[in-house]
Amino acid sequence: MSGPALPPGGFEVRGQELMAGGRSVTELAGQAGTPLFIYDGALIARRVSDLRAAMPAGLGLHYAIKANPLPSVVAHLAALVDGLDVASSGELERALATGMAPGRISFAGPGKTDAELRAAALAGITVNLESAGEMRRLAAISAALGIRARVAVRVNPLFELRQSGMRMGGGPRQFGVDEEMVPALLDELAGLSLEFLGFHIFAGSQVLNGEVLIDCLGKTVDLAIRLAADAPAPVRYVNLGGGFGIPYFPGDVALDIGRVGQALAPLLDRARAACPDASFAIELGRYLVGEAGLYVSRVVDRKVSRGKTFLVTDGGLHHHLALSGNFGQVIRKNYPVAIAGRMGVAATETADIVGCLCTPLDRLGDNVALPETAIGDLVVVFQSGAYGASASPSGFLGHAPAAELLV
Ligand SMILES: *Cc1c(COP(=O)(O)O)cnc(C)c1O
């Protein structure tokens, strides 16, 4: 195997076999077929409990479904976390199907249609308002239904989340209401058929530097406290965002959540003193599921082109766009890769691993050090539990979708 002796993500090795959920990946791939995603439910549960142990007591933990919307994964997480965050009516249906109390589900995202707002209002979930226009549409829908929809104001802060993989706050954004416009919006909200709960402040994602996250959480708390002074009612809910990253590439160092939790405790105390009626939560996607997932494809062809060895698999960017380097990355880098039945075997060759699509963009690994690899072998890509199947152009070239398995 290339890279470290222990596989990433906490997966177990027995002999030379990679295991997931107590079963060999070779056996799972033989039964379910390839390509497939495997998600390890025990690793997800361990992740949640480690995180809870590190975070201040009473801080709510929400799962952002967008990271992995597989119904079995969402149901598994629903039993472990305090809330679910959705970003479409499709995700809302999946969230409600888990039995999660509607009061613990929130709906963020620009471009919510009237139908989505109506569904959210009727379900009794919390709508994170992205604009004044959206607020007015929801208020009209609520009034027509004779109810007061539950809302939080999503705030686009003046500050930015530095070193963020995807920045979603600061500067001009399609997300949220600019913080300087929030007091006027709250004035108007007070007269509408809406139940004001609080604020949602999400600055960005995929941060590995704890100091950067702590700095951002501190600014987020300060902003929530400032805005609470203009609120039409006592603030009952503040979603502090998240952005906790996971290591994907060589040189990435895992986030120190112990440190983040320690630094967050006094910030939270300050926030609770200013907003005594409020509950506080963070919302995480990839941090909860990303490391617990594998993408497995089978070598279909092996060829040498002008001195370079290519392993061609039955997988590709139509299942795992991020792996190919085309989901927001500037420079393509390799995810950790191994051969499922040859863990711990010394590398003897260097190969490019590619998918089966007719485009040079379809790369699974560049110059990967591997043990001798043959047709039929299983290429495993780690760190594949988030933004895989659902974040990839599965219709491109008409191949079958990947199987997905929670074990
Ligand atoms: C995408 C998103 C998340 C999840 O981001 P991760 O990087 O997967 O943790 C959380 N909140 C909002 C509002 C999002 O848009």
Side-chain angles (χ1 to χ4, degrees), residues 39 44 47-48 51 55 60-70 73-74 77 81-88 90-92 94-95 104-112 116 120 125-131 134 151-157 160-170 173-177 198-210 212-213 216-217 220 224 237-248 252 254-255 257 260 280-293 321-322 327-329 383-392:
Y39 312 117
I44 293 172
R47 189 72 160 187
V48 171
L51 190 66
M55 291 297 124
L61 178 59
H62 291 196
Y63 174 53
I65 289 183
K66 158 182 114 192
N68 187 328
L70 189 71
V73 169
V74 177
L77 271 158
V81 299
D82 307 304
L84 295 172
D85 292 331
V86 305
S88 69
E91 287 189 357
L92 175 55
R94 287 183 189 203
R104 294 174 175 273
I105 299 173
S106 61
F107 186 174
K112 297 181 197 78
E116 286 178 316
I125 66 149
T126 302
V127 176
N128 294 335
L129 299 172
E130 303 277 348
S131 72
E134 186 174 278
V151 298
V153 176
R154 180 169 182 182
V155 183
N156 174 26
E160 294 201 331
L161 180 51
R162 292 179 291 126
Q163 297 181 19
S164 167
M166 282 197 196
R167 218 169 268 168
M168 292 174 70
R173 295 281 160 197
Q174 72 265 54
F175 310 109
V177 179
F199 301 106
H200 172 219
I201 306 169
F202 178 78
S205 65
Q206 182 49 20
V207 178
L208 289 172
N209 183 326
V212 168
L213 265 185
C216 178
L217 286 165
T220 301
Y237 166 71
V238 180
N239 182 329
L240 299 168
F244 293 27
I246 63 172
Y248 289 105
D252 281 358
L255 180 65
I257 51 162
V260 173
F280 293 83
I282 53 173
E283 56 176 356
L284 303 180
R286 77 185 74 217
Y287 192 83
L288 301 183
V289 293
E291 300 202 52
L321 187 65
F327 191 64
Q329 298 96 323
Q383 312 296 81
S384 296
Y387 305 108
S390 70
S392 301

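Counting starts at 1 for both ligands and their atoms, in listed order.
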Would you mind running through ligand 1 and noting each atom that sits below 4.0 Å from a heavy atom of Ala64?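 Reading through ligand 1 atom by atom, the close ones are 3 (C), 4 (C), 10 (C).
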
Hey, is Phe175 one of the residues with a heavy atom under 4.0 angstrom from ligand 1?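 Checking ligand 1 against Phe175, which is what was asked, there is no heavy-atom contact under 4.0 Å.
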
Protein contact of [atom] - nearest heavy atom, named by residue and atom, plus distance:
{"atom": "atom 3 (C) of ligand 1", "result": "Phe202 CZ, 3.6 Å"}
{"atom": "atom 14 (C) of ligand 1", "result": "Lys66 NZ, 3.1 Å"}
{"atom": "atom 9 (O) of ligand 1", "result": "Gly285 N, 2.9 Å"}
{"atom": "atom 11 (N) of ligand 1", "result": "Glu283 OE2, 2.9 Å"}
{"atom": "atom 4 (C) of ligand 1", "result": "Tyr387 OH, 3.5 Å"}

Hey, are Glu91 and Lys66 close enough for a salt bridge, meaning a charged N less than 4.0 Å from a carboxylate O?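 No salt bridge links Glu91 with Lys66.
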
If you round to the nearest 0.5 Å, how far is CD1 of Ile105 from NE2 of His62?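 Here the interatomic distance stands at 10.5 Å.
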
Picking from Arg173, Gln174, Arg154, what satisfies side chain to side chain donor-acceptor pair (under 3.5 Å) with Glu130?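 Of the listed options, the one satisfying the test is Arg154.
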
On the six-membered ring of Tyr287, is Arg47 placed so that its NZ or CZ lies under 6.0 angstrom from the centre and within 45° of the ring axis?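 Here Arg47 passes the 6.0 Å and 45° test against Tyr287.
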
Just distances here: any N/O of Arg286 and N/O of ligand 1 closer than 3.5 Å?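 Checking ligand 1 against Arg286, an N or O pair does fall under 3.5 Å apart.
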
Shortest non-hydrogen contact from Val155 to Phe199?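 Looking at all heavy atoms of both residues, the shortest contact is CG2-CD2, 3.9 Å.
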
Within a strict 4.5 Å, meaning less than it, do heavy atoms of the Tyr63 and Asn68 side chains meet?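 Counting from C-beta outward, Tyr63 and Asn68 do come under 4.5 Å.
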
